[in-house]
Amino acid sequence: MSTPIKVAVTGAAGQIGYSLLFRIASGALFGPETPVQLRLLEITPALDALEGVVMELEDCAFPTLDSVEIGDEAEHIFDGANLALLIGARPRSQGMERSDLLEANGAIFTAQGKALGKVAADDVRIGVTGNPANTNALIAMSNAPDIPAERFSALTRLDHNRALAQLAKKAEVSVSDISRMTIWGNHSATQYPDIYHAEIGGRNAAEVIDDQAWIENDLIPTVSQRGGAIIEARGSSSAASAASATVDAARDWLHGTPEGDWASMAVVSDGSYGVPEGLVCSYPVTTTRGNWEIVQGLEINDFSRRMIDATTAELAEEREAVTSLGLI
Ligand code: NAX
């Protein structure tokens with residue numbers, strides 16, 4: 001067995017946590033030879049429930065689970081973390097304005113960004129799942145100036161996986177026949193699932209499908225509104241699929257995207273593809289050993305341009321809102 005990896009998870013007693021922790025503890029992220037030390041952060045009232053989750057983790061007797069530490073103090077839980085998965089966030093309650101939501105989450109992600117900056121391991125990578133994920137990542141990143149901005153990302157892998165599944169169904173192929181799917185922009189209703197560069201068995205997916213109406217009226221709304229459809233059907237928001245996407249995203253980030261393929265990840269923009277610099281925007285990226293690079297040189301057609309501009313305009317508005325709240 002190799003040196004244990006410290007994985008911090010926030011919102012650990014929540015729905016996503018309940019799927020995610022068992023995947024990580026069983027070796028789905030680092031394999032059967034790497035022990036994992038889980039460090040779980042919750043708000044004080046949720047610590048009792050978290051104790052119950054810890055009992056269940058113990059009862060699984062996972063050989064790869066080295067230890068579990070729980071608590072409600074970010075600086076204690078993030079101490080030495082090599083990977084921090086920030087899942088816990090304040091959901092929008094009835095009557096809450098968007099600015100109230102940004103402010104409530106701002107308080108969480110400023111504090112967690114500062115704590116990570118103080119105590120996380122030198123090689124820490126931080127993945128934000130809690131919504132509004134892109135802007136929460138921007139807030140955490142801005143409050144941890146000693147951590148390189150490239151170490152932060154927000155989750156758009158669930159949207160990516162949803163788009164893969166829809167395309168596979170339409171083309172009557174397996175998801176494993178599809179490569180180079182892209183989600184651009186914000187993890188929100190404005191996100192843009194782009195299949196103009198995707199490939200099915202090595203052929204251009206948009207050409208194979210040859211149905212622009214399906215792209216505009218079916219694929220894009222189905223993927224961007226999938227979260228709402230799941231809430232309606234299940235009575236609560238997507239959890240297992242979000243946990244699975246969180247594992248996929250972290251695994252690819254740390255271990256690399258497959259040769260010839262890429263992943264969608266919201267990362268800090270360097271201005272590529274006309275996205276304003278500094279926004280945390282979903283891009284097609286390739287990764288190797290914890291580093292990512294935005295895929296360059298893709299031709300952007302007029303339709304894609306409009307879609308990318310709309311979703312990045314929303315990100316820019318969110319940035320303005322959190323700037324005026326003094327959060328970044
Ligand atoms: P739950 O409400 O089940 O769990 C959230 C947990 O976070 C709760 O246990 C709560 O006590 C905890 N929490 C709140 N504030 C905290 C803080 N300051 N420190 C530590 N823990 C804190 O939500 P769940 O279904 O697990 O979803 C978690 C987040 O993921 C939500 O913001 C949700 O909107 C977001 N999602 C993001 C997705 C994505 O693709 N980026 C998809 C799924 C999900 O909707």
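Whatever order the structure lists ligands and atoms in, that order sets their numbers, starting from 1. For clarity, every value in this text was computed on a predicted model and none was experimentally measured.
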Say you draw a straight line from [atom1] of [X] to [atom2] of [Y]; how long is it, rounded to the nearest 0.5 Å?
X	Y	atom1	atom2	answer
Arg151	Asp122	CZ	CG	8.0 Å
Glu199	Asn204	CD	CG	7.0 Å
Ile178	Gln166	CD1	CD	10.5 Å

Residue [X] vicinity, atoms of ligand 1 by number, heavy atom under 4.0 Å:
X	value
Leu158	40 (O), 42 (C)
Ser238	43 (C)
Ser237	25 (O)
Gln112	17 (C), 18 (N), 19 (N)

Practice prompt. Applying side chain to side chain donor-acceptor pair (under 3.5 Å) between Thr311 and each of Thr190, Asn186, Asn134, report the one that passes.
Written response: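 Per the side chain to side chain donor-acceptor pair (under 3.5 Å) rule, the option paired with Thr311 is Thr190, out of Thr190, Asn186, Asn134.
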Worksheet item: Would one find an N or O of Gly88, backbone or side chain, under 3.5 Å from an N or O of ligand 1?
Response: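 N/O-N/O distance under 3.5 Å: no.
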Under 4.0 Å, heavy atoms only, figure out whether ligand 1 is touched by the backbone of [X], its side chain, both or neither.
X	result
Ile108	side chain
Arg90	neither
Leu155	both
Glu42	both

Item to complete: Report the nearest protein non-hydrogen atom to atom 41 (N) of ligand 1: residue, atom name, distance rounded to 0.1 Å.
Response: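 I find the closest protein heavy atom is Thr129 O, 3.2 Å.
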